[in-house]
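Following: one structure in structure tokens, then a few remarks.
Not measured: the values here are computed from a predicted model. Numbering of residues begins at 1 and proceeds along the displayed sequence.
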Amino acid sequence: MPYIKRYQHWLISLLFLMVLLWGSVRFSNFKKDQWEKDVRNQTLETLIAKKSSLEKALYSRIYYTRGVAAFVSLKPLITNEEFGHLAKEFIQNDSVISTMSLSRNCVINAIYPLEGHEAALGLDLLEHPERKEIVDQTIQSHKTFVAGPVELVEGGMAFISYTPIFDSRKDQSGSFWGLTDIVIKRDALFREAHIQATEKNLMFALRGYDGKGANGAVFWGDAAVFERQPVSITIELPYGNWVLAAVPQVGWTFYYDQDVVLSTILMISSIIISILLLILLKTTARIKSNAREFKAIFNSLDTLIIEFDSEGKYVKVAPTNLDLLVCPPEEILGKTLADIFEPEMAKLFLNAIRECLKTKKVVIIDYPMVIKGEPKWFVARISYKSEKTVIYNAYDVTNIKKAENELKESEEHLAKLNAIKDRFFSIIAHDLRNPVASFQSITELILEPSIPQTPQELKVLIKSLNTTSIGLGELLENLFSWALAQQSSIEIKPISQCLHEVCDRAIVSHQSHALLKKIQLQNMIDIDHYATFDLNATNIIFRNLISNAIKFSNPDSVITISSELTKVNNKEFLLIHVSDKGIGISAEKMAQLFNVEVNTTSNGTNKEKGSGLGLILCQEYAKMQGGQLQVKSELGKGSVFTFSLPV
């Protein structure tokens, strides 16, 4: 026994060395798989971000051809000049798009811009075998097809997005009319999507020529990427897909080589630790006590490390990342959390410390804080040290939080843009088609020689034509104004003017519509009331509010436009009220009245149609001028729409 006791430190150290060596081998094997897995996960996160950026940049251009296809499907007799104006509105400021063209019966008959591309006119897409296959797939699937990339005559590579057009005037499916396409510059598209051949020690490549996915050829980047066990992700196209792949520039074998280095380091570390253990076992009780402290600190992250007691008092501060402290160490040592922080924040920290002391388990908290005037976000791990102390380890995750918030905001913004786009196409597809169809039906009835018409019947038909034309005119005006507002193309030039005269002109423009329903329009705006406003924007507000009031007023009623002065936060405003005694608005529709994503339109008292854009335009133009639009309404008793302008 004395012999064993004499050499017990050596035996314990030897046993400890064997355990460490065994653990090193196990850890090395584990790390070998873990390193590659971590790198693959990080690479996948990068690819997901690239996928989102590329799909966003690509689809935002594909929607151009879909918009043109929707327009031409309703107006198949479109002229080249009309197409030129339409294409100009879409792509004139888009550096990614080279050209947009229109191909009636698959023969290019119009192209924008024309300069430098005259040779393309008259080109039959069906004469080229490869293009004929693409056109056939596009027609059969009714979907947009992204072809290429192909080499442009003027130099560079580009994708061509083909969208089929079907004449939908008579039925929903329609007959094939032709194609519209855009030429998307490959390099400009990739620059906008922040895609490069090499980035962050990664190599990227794309395959799927003509949208053939994994079966397609590699058309960008080093083809060898796909032969090196890459991490890949699918880029979804309207028809088909691409495959985006990435591998580390150093290759996967680099991480296997690291395993050898790690194993060597662990082996040497195991021997050193065993020797140190032998020394530690021969030291005093004081060293043993300090060993527990060392173990607690060793198990913590080397970021901001603080020792707290059970009352939240600062016991020790490790000399690492002191810039993350709210105060210098000398100002907080010996003080409690309640002395440094607001009560709510101090309570958060103290509760976490006491939970750690109670459970003897790691407690994780996250919280925001302002450090030296800069907002930051932290995640902290609180580890048990002794019955009365804990080790607090915090690290800065501000950049991660910012990235998460930016991604969330981007997703919300894209969702809103998608809803606005759907609303716009819905209006084009339905609200424009209905009055055009009505025009066609009435004119065919008037011109039908087999059906004799009396003067009174003709008058009724012409009156119906007039009512439809008024609604169509208002819809086109609102669509144009709304499109300008969405593009931020409107310049507000406010000047001080008299509202009474502006209202008079608006009433005159709606007098015929009012007379048809025997409605009286009264301008009660005080002639001495002036406001600072943009004439065009305010005309649009008056036009829509008066038209809306006429639409939902009963025949033989009165619509009153009045004004009053008021003050908000010591600033003077002029309120203009447009009051009617019409059918009113339900509370349910009131809640969604100014939401462009929701269709809240209703038929007027004479079955007049509306798009729902008028009130949204009024609200936007009022805000642009520093005012706002409000509404009060009661079913069966009428509505009062009020917009304000600064005096």
Side-chain angles (χ1 to χ4, degrees), residues 420 423-424 427 431 470-471 473-494 497 499-500 502-507 509-510 513-514 521 523-525 529 531-553 559-564 566 568 573-580 582-585 589-602 604 608-633 638-646:
I420 292 174
R423 180 80 173 113
F424 186 80
I427 292 171
D431 295 0
I470 291 172
E474 291 178 351
L475 176 59
L476 291 174
E477 283 289 332
N478 285 339
L479 278 172
F480 179 74
S481 299
W482 186 62
L484 289 178
Q486 299 308 307
Q487 296 172 0
S488 300
S489 301
I490 298 172
E491 184 178 0
I492 299 297
K493 298 179 179 179
Q497 303 176 70
L499 260 295
H500 186 91
V502 178
C503 182
D504 270 343
R505 291 194 292 270
I507 288 176
S509 66
H510 288 82
H513 188 193
L521 301 175
N523 182 358
M524 303 297 291
I525 294 178
H529 281 173
T532 303
F533 59 92
D534 179 87
L535 182 59
N536 183 56
T538 307
N539 275 332
I540 291 174
I541 296 175
F542 268 120
R543 186 192 73 211
N544 278 285
L545 292 184
I546 293 174
S547 173
N548 193 66
I550 294 173
K551 187 182 302 179
F552 297 102
S553 289
I559 296 172
T560 304
I561 302 99
S562 59
S563 64
E564 69 170 308
T566 187
V568 179
F573 287 86
L574 183 64
L575 303 181
I576 299 93
H577 309 290
V578 180
S579 309
D580 65 69
I583 60 178
I585 307 170
K589 285 192 175 182
M590 285 269 287
Q592 300 292 340
L593 201 57
F594 301 105
N595 189 351
V596 73
E597 301 174 24
V598 180
N599 187 350
T600 58
T601 59
S602 302
E608 299 100 320
K609 302 290 185 180
S611 67
L613 280 181
L615 292 180
I616 296 171
L617 274 175
C618 291
Q619 184 191 50
E620 290 191 8
Y621 280 113
K623 287 182 178 179
M624 287 180 184
Q625 300 181 86
Q628 59 180 335
L629 177 65
Q630 296 178 329
V631 58
K632 295 180 180 179
S633 185
S639 305
V640 179
F641 285 84
T642 301
F643 69 97
S644 59
L645 295 171

Residue pair Ile507, Ile561: steps toward the side chain to side chain contact (heavy atoms under 4.5 Å, CB included) verdict: CA-CA 10 Å; Ile507 288 176; Ile561 302 99; 4.1 Å; yes
Here the pair of heavy atoms bringing Gln625 nearest to Phe533 is OE1-CB, 3.1 Å
Partner of Phe643 under side-chain contact (heavy atoms from CB on, under 4.5 Å), chosen from Phe573, Phe542, Tyr621: Phe542
Checking His529 side chain against His500 main chain: does a donor-acceptor pair fall under 3.5 Å? no
Atom CD1 of Ile616 and atom CG of Leu629: how far apart are they, to the nearest 0.5 Å? 11.0 Å
Drop me the distance from Ile541's CD1 to Cys618's SG, to the nearest 0.5 angstrom. 6.0 Å
So, taking the atom named CD1 in Ile576 and the one named CG in Leu499, what distance separates them when rounded to the nearest 0.5 Å? 4.5 Å
Polar side-chain atom of Ser633 near backbone of Gly638 as donor-acceptor pair, under 3.5 Å: yes
Separation between NE2 of His510 and NZ of Lys551, rounded to the nearest 0.5 Å: 9.5 Å
Which residue is it: Leu535, Asp534, Asn536? I am looking for the one with a side-chain contact (heavy atoms from CB on, under 4.5 Å) to Lys493. Asp534
Output all residues satisfying side chain to side chain contact (heavy atoms under 4.5 Å, CB included) with Thr642, sequence neighbours left out; order by chain, then residue number. Leu575, His577, Val640
Checking Asp580 side chain against Ile550 main chain: does a donor-acceptor pair fall under 3.5 Å? no
Just how far is it from atom CD1 of Ile559 to atom CG of Asn523, taken to the nearest 0.5 Å? 13.0 Å
Return the CG to CG distance between Leu615 and Asn544, rounded to the nearest 0.5 Å. 7.5 Å
